[in-house]
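Heads up, the thing below is written out as structure tokens.
Side-chain atoms are counted along with the backbone in the values below, which use heavy atoms only and exclude waters and symmetry mates.
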Amino acid sequence: MSTARSYSCPSCSGVWASLDSATGRPAEGLLSATVIARSATVADGLSTTLFVLGATRGAALLARYPGTEAYFLLPAADTSWTTVHLGGG
């Protein structure tokens, strides 16, 4: 299991996260992506990639890893979050 998430750094005046290679900026849209896989190495690589891709675009990639699951935490309007679960098949 592995989790990728954004980190607030108040003393740095910023948020640190995985970078989106398309923009060169921190990935946006998710609070975290957690992957459960048979291999910790696969889980680590997928959690970072899925954090950048998001739940919608990441679903196709996750489908290539049977038995692997992902949990996405998405920000909600009321300062809470919504959970999206994919995979497991």
side-chain contact (heavy atoms from CB on, under 4.5 Å) involving [X] - partner list, sequence neighbours excluded:
X: T83; result: Y71, L73, W81
X: L61; result: L46, T49, L50, L53, R64, Y65
X: A77; result: none

Check: residues 29-43 side-chain donor-acceptor pairs under 3.5 Å, at least two apart:
{"residue": "T34", "atom": "OG1", "partner": "T3", "partner atom": "OG1", "Å": "2.8"}
{"residue": "S39", "atom": "OG", "partner": "T41", "partner atom": "N", "Å": "3.2"}
{"residue": "S39", "atom": "OG", "partner": "V42", "partner atom": "N", "Å": "3.3"}

- Message: Using a 3.5 Å distance criterion without hydrogens, assess whether the side chain of T48 forms a donor-acceptor pair with backbone atoms of G45.
- Response: no
- Query: Which ILVMFWY residues can you reach from V52 by hopping between side chains whose heavy atoms are under 4.5 Å apart?
  - Reply: none
